[in-house]
2 protein chains.
Amino acid sequence: MYQSFLKSIKKVGNFSQEQLDQITDRIEVRTLKRNDFLLKEGTTSQSLYFLNSGSLRHYKDIDGYSELTINLFIEGDWVLDHHSFVGQRPSENNIQAFEDSTVLELPMHVLHDLIAKSPSFFMLGKILENAEPTKEESIKSPEDKYRTLMENSPQIIQRFPLKHIASYLGMTPETLSRVRSKIKD
Amino acid sequence: MYQSFLKSIKKVGNFSQEQLDQITDRIEVRTLKRNDFLLKEGTTSQSLYFLNSGSLRHYKDIDGYSELTINLFIEGDWVLDHHSFVGQRPSENNIQAFEDSTVLELPMHVLHDLIAKSPSFFMLGKILENAEPTKEESIKSPEDKYRTLMENSPQIIQRFPLKHIASYLGMTPETLSRVRSKIKD
DNA sequence: ATTCTTTATTGATTTCGATCAAGCGATTGA
DNA sequence: TCAATCGCTTGATCGAAATCAATAAAGAAT
């Protein structure tokens, strides 16, 4: 269960075996059915998550009828709503299971406890790093945005329907469809 | 010197007077002349800064001839290159004094020391929160982006030339100029 | 003082992506 | 089995912002 999780933790910094045990002792496993919510608009995020299996979609509801996809997650990703978790504010966004999923939950208070125990756990803060696309990314052309995604996260393209990828990339489904057919040549 | 700094620290969390002293004891004052660099592309950011006076520009060099303005800072702002500081990677961006400025420097190792001393300093992590505009912001129309800026940071508009504001908002100077004349009606 | 450069404004034109619209499998459901 | 719905593709049109271009105004440099 924890291999992938530990591998990811080790990338963040050098932890002793004892420290790794201290972390795994304190995390909770949560299972989600497709369409279950990991975070709902209006609630304040209390945990960060490691997505062990399945896939999740992070999105914002616009006027209650259209949706803006903020992020698409697959197994191996760290999942959080940065604004709500770090700022401890009610979230404006939702995180929802796109497939049946299991996540490993690391509550904020556990993070506090660990750091209190040993400041070297401070390294875990690196996980909070924002995976949100940069400003540079946002000014690229649709084709360049898609090429970057193919480069960096080819799995995303396999796993999610076109409409969500299009929204994530900030373009219409029609435009993404045309980009794809153009690139195939 | 530290009033504005302390006021900003107190917003982050409840610290005792002793703790506040511990912080101020460990920060360094740095003065910058216009065009001096606080962070240069290729160097790894080791500190975060509180901008005490003056103004700074955070930007990325594109191909060595054009520039993308990532952020514009004025006194009272917390300043950092999130990607480089949190990830401890060489920065792809520059932070440069736009006016003569003074900053209060809080080095990473001091942050570590403080948290080791008392985990309640963990609250300082809130400072790291990314002020970068959200995806939602990036898909707005030029006019809406400008209105949002007027709403949230009217001082920015007073302090920086149009071309930097335009780049920051992801539009051409011509477009921003037209937005302005349109809004005046 | 007078050149040179930078910054902002305004106009004309072009272009790229959004929108509107139709059609086509593929899945779902009665 | 036959709609009905959904996801994707493809075509036609439109519109908003970029680009190109010219000028004016303001600063900087010598």
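Only heavy atoms go into these numbers, but all of them, side chains included; no hydrogens, no water, no symmetry mates. Order of the sequence lines fixes the chain letters, A, B, ..., with proteins taken first and strands second; residue numbering starts at 1 for each chain. On a predicted model such as this, the values are computed, not experimentally measured, just so you know.
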* Scan residues 39-55 of chain B for pairs that pass salt bridge (charged side-chain N to carboxylate O under 4.0 Å, His left out), counting only residues two or more places apart or in two chains. => none

* Asked: Do the two ring centres, one from A:His82 and one from B:His82, sit under 6.0 Å apart?
  -> yes

* Sequence-distant partners of A:Asp113, side-chain hydrogen bond (donor to acceptor under 3.5 Å, both in side chains), two or more places apart -> A:Arg26

* **Selection residues 90-100 of chain A - residue pairs positive for salt bridge (charged side-chain N to carboxylate O under 4.0 Å, His left out), sequence neighbours left out** => A:Lys60-A:Glu92, A:Glu99-A:Arg159

* To do: Produce a footprint string for nucleotides 4-23 of chain D: one letter per nucleotide, 5' end first; B if the base is under 4.0 Å from any protein heavy atom, S if only the sugar-phosphate is, - if neither.
  => ---SSSBBB----SSBBB--

* **With A:Pro107 via side chain to side chain contact (heavy atoms under 4.5 Å, CB included) - residues at least two apart** => A:Ser47, A:Glu105, A:His109, A:Val110

Pairs: protein N or O with nucleotides 25-28 of chain D N or O, under 3.5 Å:
none

* Not counting sequence neighbours, which residues clear salt bridge (Lys or Arg N to Asp or Glu O under 4.0 Å) with B:Lys10? List them please. => none

* For B:Thr148, all residues meeting side-chain hydrogen bond (donor to acceptor under 3.5 Å, both in side chains), sequence neighbours excluded -> B:Glu137, B:Lys140

* **side chain to side chain contact (heavy atoms under 4.5 Å, CB included) partners for B:Gln158, two or more places apart** => none

* Structure fact -> Residues passing the ring-ring contact (aromatic ring centres under 6.0 Å, His included) test with A:Tyr59, sequence neighbours excluded, are none

* Structure fact -> Bounded by its outermost nucleotides with an atom under 4.0 Å from a heavy atom of chain B, the footprint on DNA chain C reads C:dT7 to C:dA12

* Return the set of residues passing side-chain hydrogen bond (donor to acceptor under 3.5 Å, both in side chains) with A:Glu143 (not counting sequence neighbours), or none when no residue passes. => A:Arg147, A:Lys182

